[in-house]
Amino acid sequence: MFPRTESAILIEAARQYGTPLYFYHAERIQYQYESLKQAFSSWDVRFFYAAKALTNLHILQYIHSLGCSVDCSSINEIKIARKAGIPSDRILYTSNSINFSEIEEAVLQGAFVNVDSLSALEKFGKRFGNSYPVGIRLRPNIMAGGNLKISTGHAASKFGIPVEQLEQVHALVSSYNIQVRTLHIHTGSEIKDAAIFVQGVHLLLNLVADFPDVRVIDLGGGFKVPYQPGEKGTDIHAVGKEVATLFSSFEQKTGRKLQVWFEPGKYMVCEAGYLLTTVNVIKENEALTFAGVDTGLNQLIRPMFYEAYHHIENLTNPAASVKTYQIVGNICETDTLGADRELPTIREGDLLSIQNAGAYGFEMASQYNARFRPAEVFYKEGALQLIRRRETLDDLLLTQEGL
Ligand code: LLP
């Protein structure tokens, strides 16, 4: 197990760069990537880090340096990945509800492309025919994931082409002679149960016979990491083992060798990240004690948006007696970051760390209440590096015109 980042380092980062501050620990990202490689070492497998979890150039560059490819969900993520020095044959593009011009641009960039609707598949066929391989994202009708908002494979989901529409897929493929290289599913985020991945592989392997050009099965992302103390994440070794059996029997039966792709986001960066925040105000009422901090739902939306649990620690008064707190943000709305938390006595000025903030933390931050987005710092080989400065008032006003 990779230990949690030492408090002394987090305190030093906050001292140097102020709060609120996003902190990322490089070696933790590396550890996560190595664990994935190990769990799936018996497969022909490729990992595409889902950049949407955290797109900072330094993080992308670092992940690329580990040998990992990237999955992008917008043309801008592709451009950012290219700027980070990632070559196009290491970039996958999986988007939805986008204008076809973005897909054309992704093809021009030379990325691997997954399409997500019959409409996009038809346009792809008309425009590229057999000249450029494509992946098809299917909606497998599998309910999975930590929360309805992050479940994407079920029957009411907007994502992918429903498996019931496969006949129409085949009609388009044959009328435009489309080269379908990949079948893709992504059933959700925070999928704990290894059986869900097995179910997905079953489904795709059964379909492959009708797609002679398919070389790749893309299983998307969704590995769960523990958020609460004592909680378990996805047993990636169990997934690796169970699915390897399915693949080898498929290979024996059909003589076809398939490559497997994954698009892990949270698994790669979630636990490497901490949101560091200073306590501004302690407020007691008849029933509750609030610790009001210098961050809020504008900088970490997950607790309010997904009812996500993020573990919180008091870094600067760790040995004090424990009390129950409501950790609340500074936004003019209810923005509880942690309810009923038992923490060592919190004083105004104490530094708290909010854990598991590496994935979809900074990335989903906004300037709501006209507050600046936080700085980001990268801790690598024992050194701290500022990788994004804190915003200023000029940044808030940058795009406004006419005054
Ligand atoms: N591939 C595709 C096509 C995806 O849509 C996603 C995530 C991933 C891979 C990566 O999934 P992951 O390994 O990170 O679970 N903002 C939410 C999560 C939204 C996930 C969106 N798609 C959260 O903070 O929980």
Side-chain angles (χ1 to χ4, degrees), residues 22 29 32-33 35-36 46-55 59 63 68-74 77-78 91-98 106 111-117 120 135-140 142 144-154 157-161 182-193 196-197 200 216-227 233-234 236 239 260-273 275 297 299-310 337 354-366:
Y22 270 98
I29 298 174
Q32 295 297 113
Y33 182 57
S35 318
L36 282 175
R46 234 178 122 170
F47 297 101
F48 293 77
Y49 161 62
K52 64 174 83 68
L54 179 59
T55 57
I59 301 291
I63 286 177
C68 188
S69 302
V70 296
D71 174 48
C72 296
S73 61
S74 70
E77 282 183 6
I78 293 185
I91 297 176
L92 171 63
Y93 176 65
T94 312
S95 56
N96 71 94
S97 301
I98 34 103
F112 299 107
V113 172
N114 288 329
V115 297
D116 166 88
S117 65
I136 297 181
R137 177 171 184 173
L138 295 170
R139 194 201 70 198
I142 296 174
N147 174 303
L148 194 55
K149 286 200 186 87
I150 53 176
S151 298
T152 50
H154 56 84
S157 158
K158 69 166 180 168
F159 295 98
I161 301 174
T182 303
L183 291 184
H184 173 284
I185 53 170
H186 168 79
T187 49
S189 197
E190 296 180 30
I191 305 166
K192 186 166 168 226
D193 190 359
I196 295 290
F197 291 94
V216 175
I217 294 289
D218 182 343
L219 296 173
F223 296 129
K224 177 174 170 50
V225 296
Y227 278 81
T234 315
I236 54 170
V239 178
V260 183
W261 291 1
F262 283 109
E263 304 158 0
K266 274 182 194 159
Y267 194 84
M268 290 284 287
V269 295
C270 186
E271 293 156 285
L275 175 56
L297 65 76
Q299 297 174 351
L300 183 67
I301 201 170
R302 301 194 75 261
M304 295 311 289
F305 199 48
Y306 307 114
E307 275 118 50
Y309 178 97
H310 284 258
L337 295 163
I354 306 179
Q355 298 182 355
N356 281 36
Y360 310 104
F362 182 91
E363 218 46 44
M364 294 178 80
S366 74

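As the structure is a computational prediction, the values presented were derived from the model and not from experiment. The chain is numbered in sequence order, starting from 1. Whatever order the structure lists them in is the order used to number ligands and atoms, beginning at 1.
In summary, Arg302 and Glu190 engage in a salt bridge, as defined by a charged side-chain N under 4.0 Å from a carboxylate O.
Ligand 1 places these atoms under 4.0 Å from at least one heavy atom of Glu263: 1 (N), 2 (C), 3 (C), 8 (C), 9 (C), 10 (C), 13 (O). Short contacts between ligand 1 and Thr94, defined as distances under 4.0 Å to a heavy atom of the residue, involve ligand atoms 3 (C). Taking every non-hydrogen atom of Arg302 and a distance limit under 4.0 Å, the qualifying atoms of ligand 1 come out as 23 (C), 24 (O), 25 (O). Below 4.0 Å from some heavy atom of Gly222 lie the following atoms of ligand 1, by number and element: 11 (O), 12 (P), 13 (O), 15 (O). Residue Pro264 has at least one heavy-atom neighbour below 4.0 Å for each of these atoms of ligand 1: 13 (O). Residue Arg137 has at least one heavy-atom neighbour below 4.0 Å for each of these atoms of ligand 1: 3 (C). The Asp71 neighbourhood of ligand 1 comprises atoms 1 (N), with distances under 4.0 Å to a heavy atom of that residue. Ligand-side atoms of ligand 1 in range of Lys266: 12 (P), 13 (O), 14 (O), 23 (C), 25 (O), range being under 4.0 angstrom from any heavy atom.
For the atom pair Lys224 NZ and Asp193 CG, the distance stands at 12.5 Å (nearest 0.5 Å).
Side-chain atoms of Thr94 and Arg137 include no donor-acceptor pair closer than 3.5 Å. Side-chain polar atoms of Lys266 and Ser189 form a donor-acceptor pair below 3.5 angstrom.
For atom 19 (C) of ligand 1, the closest heavy atom belonging to the protein is Ile150 CG2, 3.9 Å. Atom 16 (N) of ligand 1 has Tyr306 OH, 2.7 Å as its closest protein atom, hydrogens excluded (heavy atom only). Looking only at protein heavy atoms, the nearest one to atom 11 (O) of ligand 1 is His186 CE1, 3.5 Å. In this structure, atom 20 (C) of ligand 1 lies nearest to the protein heavy atom Tyr360 OH, 3.6 Å. The protein atom (non-hydrogen) at minimum distance from atom 15 (O) of ligand 1 is Ser189 OG, 2.4 Å.
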Problem set entry | ring-ring contact (aromatic ring centres under 6.0 Å, His included) between Tyr33 and Tyr49, worked out | CA-CA 9 Å; Tyr33 182 57; Tyr49 161 62; 9.9 Å; no
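The closest approach between any non-hydrogen atom of Lys52 and ligand 1 is below 4.0 Å. Using a non-hydrogen distance threshold of 4.0 Å, Lys224 does not register as a contact of ligand 1.
Between Tyr267 and Phe223, the ring planes are perpendicular. Angles over 60° get that label, and only those under 30° would be called parallel.
The proximity of Tyr267 to ligand 1, defined as any non-hydrogen pair under 4.0 Å, does not occur for either the backbone or the side chain. By the criterion of a heavy-atom distance under 4.0 Å, neither the backbone nor the side chain of Thr152 is placed next to ligand 1.
In this structure, the side chain of Thr234 engages the main chain of Ile191 through a donor-acceptor pair within 3.5 Å. Listed for the Asn147 side chain is a donor-acceptor partner under 3.5 Å among the backbone atoms of Tyr306. Side chain of His184 to main chain of Asp218: no donor-acceptor pair is present (N/O by atom type, distance under 3.5 Å, no hydrogens or angles).
Counting heavy atoms of neighbouring residues, nucleotides and ligands inside a 6.0 Å radius, atom NZ of Lys192 does not exceed 12 of them.
Residues Gln32 and Pro264 form no side-chain contact, since every pair of their non-hydrogen atoms from C-beta on lies 4.5 Å or further apart.
The N/O atoms of Ala50, backbone and side chain alike, include none that comes under 3.5 Å of an N/O atom in ligand 1.
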